[in-house]
J.: 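A single structure is presented below for examination.
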Amino acid sequence: MKRWLTHGFIGTYLAILMYGVVCHTINYKPHEHLGMYFIVWDMYCGWDAYETRRHLVAEGLSGNYYELSPAPWGNFIPFGSAARHDYDGQAQYSGRIATNVLKHTDHEPITRVFLIDESWPRKYNLPEHLWKQRYDEPQDKYSYNYLRAEYTPEGECAQLHYPWKTHLTSRALMANPRLMEEVARTQPFMATSSRPTGQSMVTPVSYLQPSPDPIRTANR
């Protein structure tokens, strides 16, 4: 009886894992519920090589700049060392956060609000004793300050740039002559249905292009 239970447990376990691999391969409801996280194969689980902190800065009518994060009443840190506004990776809610701070503070008229992403390689997060065991170079942290978005004083998004990693990918692509030549020779398209006849037609696709250089500063 014990052997049958053991074989049944192993068989069930392998079947569930195989189901997860198949769901991941054909993209069949990989995020249907929390349990899928434990059976869908994902090697890196969203791990990022860069640590990112976000800064909200308001520009006044006089040209002065005001830091909106952290707010005068302090930050809410739900987990780890990152504040709540640092979790807005898509820059969807930062305008509302800035508007809330401006609403509850005294200041001159504000013309616009900037969202700046400060990114640095995660290796600089190592404690000093571990850094010395791994690297011979000094632990001189280098941060990249990247203009992520621009908002109106009312919190509406006026300009949105690619995330930092996407920007690096675009720069690497543009620095490769062979890939750029292939891009120039091809035309992206998608098939859609035309309303008059209901037949398929080919429509060009417009892809967002990165700004020339949204990097403002690089600070040590």
J.: Tell me, do Val57 and Val113 make a side-chain contact under 4.5 Å, heavy atoms counted?
T.: no

J.: Are any side-chain N or O atoms of Thr166 and backbone N or O atoms of Tyr162, one a donor and one an acceptor, separated by less than 3.5 Å?
T.: no

J.: Only counting residues at least two apart or in another chain, list the ones meeting salt bridge (Lys or Arg N to Asp or Glu O under 4.0 Å) with Glu128.
T.: Lys132

J.: Please examine the side chains of His161 and Tyr146, heavy atoms only from C-beta on, and report whether any two atoms are closer than 4.5 Å.
T.: yes

J.: Yes or no on salt bridge (charged side-chain N to carboxylate O under 4.0 Å, His left out) for Arg54 and Asp117, after CA distance, side-chain angles and deciding distance?
T.: CA-CA 5 Å; Arg54 296 174 171 86; Asp117 281 0; 3.4 Å; yes

J.: Are Phe114 and Leu56 connected in a single hydrophobic cluster, I mean Ile/Leu/Val/Met/Phe/Trp/Tyr linked by side-chain heavy atoms less than 4.5 Å apart?
T.: no

J.: My understanding is that only residues two or more places apart in sequence, or in another chain, count here; which of them pass salt bridge (Lys or Arg N to Asp or Glu O under 4.0 Å) with Glu51?
T.: Arg53, Arg122

J.: Of all heavy-atom pairs between Thr25 and Val21, which one has the smallest distance, and what is that distance?
T.: OG1-O, 2.7 Å

J.: Within the side chain of Thr99, is there an N or O that forms a donor-acceptor pair under 3.5 Å with the backbone of Gly155?
T.: yes

J.: What are the two closest non-hydrogen atoms of Ser62 and Asn64, and how far apart are they?
T.: OG-ND2, 3.1 Å

J.: Is it the case that one hydrophobic cluster holds both Leu115 and Leu147, taking links as side-chain heavy atoms less than 4.5 Å apart, direct or via other members?
T.: no

J.: Less than 4.5 Å apart, any side-chain heavy atom of Leu168 and any of Tyr50?
T.: yes

J.: If the condition is side chain to side chain contact (heavy atoms under 4.5 Å, CB included), which residues does Tyr87 pass it with, not counting sequence neighbours?
T.: Pro78, Phe79, Ala82

J.: Identify the two heavy atoms, one from Ser94 and one from Tyr151, that lie closest to each other, and give their separation to 0.1 Å.
T.: CB-OH, 3.5 Å

J.: What pairs with Glu181 under salt bridge (Lys or Arg N to Asp or Glu O under 4.0 Å), at least two apart in sequence or on another chain?
T.: none

J.: Would a distance-only check, ignoring hydrogens and angles, find a side-chain to backbone donor-acceptor pair under 3.5 Å from Trp164 to Arg148?
T.: no

J.: Tell me whether the centres of the aromatic rings in Tyr142 and Trp120 are closer together than 6.0 Å.
T.: no

J.: Answer yes or no: does atom OH of Tyr124 have more than 12 heavy-atom neighbours from other residues, nucleotides or ligands under 6.0 Å?
T.: yes

J.: I'd like a table of donor-acceptor pairs (distance under 3.5 Å, sequence neighbours excluded) in which one partner is a side-chain atom from residues 6-20, with atom names and distances.
T.:
from, atom 1, to, atom 2, distance (Å)
Thr6, OG1, Lys2, O, 2.9
Thr12, OG1, Gly8, O, 2.8

J.: Please list all pairs meeting side chain to side chain donor-acceptor pair (under 3.5 Å) that have one or both residues in residues 65-79, counting only residues at least two apart or in different chains.
T.: Tyr66-Glu108

J.: Decide whether a cation-pi geometry holds between Lys123 and Tyr135; the criteria are a distance under 6.0 Å from NZ or CZ to the six-membered ring centre and an angle within 45° of the ring axis.
T.: yes

